[in-house]
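Can you keep this structure in mind? I'll have questions shortly.
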Amino acid sequence: MEKLLVINSGSSSLKFKLFVMPEEKEVADGLVDRIGIAGSKIKIKYGDGQKYENEEEIKDHEVAVDRLTFLLKDLGIVKELNEITAVGHRVVAGGEYFKHSVVVDDEVIKHIDEIADMAPLHNPANLMGIKAFKEILPDAFSVASFDTAFHQTMPAVNYLYSTPYEWYKDYSVRRYGAHGISHKYVSQLAAEKLGKPVEDLKLITCHLGAGSSVCAVKNGKSFDVSMGFTPLTGVTMATRSGDVDAALLGYMMDKLNIDSMDEMLDILNHKSGLIGISGVSSDMRDLLEAEGQGNKRAGLAIDMFVKNVVKYIGEYIAEMGGVDGIVFTAGIGENSIPVRKRIMDRLDYLGLTYDDSKNSENYEGVISQPDSKVAVLRLSTNEELMIARDIMKLKKEA
Ligand code: ADP
């Protein structure tokens with residue numbers, strides 16, 4: 001039995017889960033929020049429903065890690081810090097360097113830093129987390145897991161853009177995708193639930209949250225994914241535009257008198273998608289409610305979201321030459337019964353039928369009917385557990 005800590009650090013937050021392995025038991029999870037911003041907060045859930053919450057000044061990631069490790073001991077979650085034998089870090093962009101999770105060394109740190117341009121908000125924050133834990137738990141095994149790594153198996157025909165080939169050769173311009181840890185986790189779990197080896201299946205995993213991506217998982221490997229060079233593209237998202245015609249940028253810069261590309265990208269990243277279309281909210285729950293009250297633009301935003309997911313599912317069925325199972329996961333995918341329903345209703349041409357009693361909030365598993373031509377699954381994703389499993393694997397190999 002050993003304790004592993006999994007860290008997901010963002011620019012102003014640090015989320016964590018503590019696992020006991022190999023039992024895969026989650027013993028604590030929590031969040032340090034608003035790091036470096038007024039009103040920083042620490043929240044920890046542990047034991048059998050115990051909670052710790054405090055507002056205090058946390059000026060940077062190092063202080064956050066310091067407080068977190070202090071509290072793990074102080075709250076009795078661990079007796080000694082050296083019980084934590086490994087720390088796993090979720091890193092957003094791994095470029096072409098990382099095809100799977102790796103043990104962190106100086107070279108790994110250098111590469112994560114080098115490709116920070118591909119995830120300017122995330123990679124530097126991920127690195128801060130890695131370095132802070134190296135200071136405080138120097139003896140713990142340190143692992144980096146990348147959101148892009150799972151997609152490194154995509155064939156060139158799917159990862160290249162039809163732009164000059166030199167852009168790829170000289171500047172690494174290609175589709176990297178994201179949410180890879182989640183797509184990998186749910187595709188493996190789906191295979192388990194279907195009682196078949198993942199290597200024998202064609203799956204389409206729909207990670208639908210604030211950020212959304214759809215992935216074609218062919219024989220256990222990522223074959224294509226809707227996110228691109230960055231997580232801006234693909235389906236309509238909470239505040240991100242998803243796919244747009246690149247020529248629109250120059251046209252709108254002219255119309256809006258904007259001369260900075262950063263400002264344009266800010267609009268596409270933060271003021272588009274569900275919020276941009278509806279003008280109501282970026283949250284699917286609010287939109288469903290507004291639509292129910294007759295708000296047409298809220299309804300349009302939901303319809304566009306549904307259409308985009310249906311479009312990518314269709315595209316990936318065509319690319320893979322069929323599909324055995326479709327998986328719904330993440331905030332919207334797991335929790336929104338009506339959105340799942342609307343997507344599945346559009347797929348009845350596949351001979352897909354679902355069980356209304358299983359298309360519920362908490363049912364974990366197959367929600368299609370036994371005679372459905374395509375299986376549909378609702379699965380809770382667990383990126384942290386996937387990272388914890390990767391740590392165990394790397395520890396064994398070390
Ligand atoms: P993130 O990409 O930040 O990890 P999540 O996967 O947690 O996002 O998804 C968050 C989103 O899930 C919310 O913005 C909201 O739109 C949606 N969501 C959560 N619960 C529900 C629900 N019951 N019905 C519809 N949408 C929901």
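Just so you know, ligand 1 is whichever comes first in the structure, and atom 1 is the first atom listed for that ligand.
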**Prompt:** Among protein heavy atoms, which sits nearest to atom 24 (N) of ligand 1, and what does the distance come to when rounded to 0.1 Å?
**Reply:**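 Here the closest protein heavy atom is Arg285 CG, 3.3 Å.
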**Evaluation steps, salt bridge (Lys or Arg N to Asp or Glu O under 4.0 Å), between Glu199 and Lys221** = CA-CA 8 Å; Glu199 292 77 16; Lys221 292 180 177 162; over 6 Å; no
**Request:** State plainly whether the residues Lys43 and Asp33 are in salt-bridge range, i.e. N to O under 4.0 Å.
**Result:** no
**Message:** Counting only nitrogen or oxygen atoms and a 3.5 angstrom limit, does Met284 reach ligand 1?
**Reply:**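 Yes, Met284 has an N/O under 3.5 Å of an N/O on ligand 1.
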**Prompt:** Does an N or O from Gly331, backbone or side chain, lie closer than 3.5 Å to an N or O of ligand 1?
**Reply:** yes
**Residue and atom name of the nearest protein heavy atom (relative to atom 17 (C) of ligand 1), distance in Å to one decimal** = Ile332 CG1, 3.5 Å
**Item:** Ser213 and Val235, any side-chain heavy atoms less than 4.5 Å apart
**Value:** no
**Parallel, tilted or perpendicular, as decided by the 30° and 60° cut-offs, for the rings of Tyr168 and Tyr159** = tilted
**Request:** Determine, using the 4.5 Å side-chain heavy-atom cutoff (strictly less than), whether Met320 and Val374 are members of one ILVMFWY cluster.
**Result:** yes
**Request:** Starting from atom 14 (O) of ligand 1, locate the nearest protein heavy atom and write down its residue, its atom name and how far away it is, to 0.1 Å.
**Result:**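 Nearest protein contact, heavy atoms only, for atom 14 (O) of ligand 1 is Asp283 OD2, 3.7 Å.
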**Prompt:** Can you check whether Val214 reaches Val225 side chain to side chain, under 4.5 Å on heavy atoms?
**Reply:** no
**Request:** Would you mind listing which atoms of ligand 1 come within a distance below 4.0 Å of any non-hydrogen atom of Gly211?
**Result:** 2 (O)
**Prompt:** Parallel, tilted or perpendicular: which fits the ring planes of Phe229 and Tyr176, with parallel below 30° and perpendicular above 60°?
**Reply:** tilted
**Request:** Ignoring angles and geometry beyond distance, decide whether Ala330 reaches within less than 3.5 Å of ligand 1 through its nitrogen or oxygen atoms.
**Result:** no
**Request:** Answer yes or no for atom 4 (O) of ligand 1: protein heavy atom present at a distance under 4.0 Å?
**Result:**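 No, because not a single protein heavy atom sits under 4.0 Å from atom 4 (O) of ligand 1.
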**Message:** Considering both backbone and side-chain atoms of Ala210, is one of its nitrogen or oxygen atoms within less than 3.5 Å of a nitrogen or oxygen in ligand 1?
**Reply:** yes
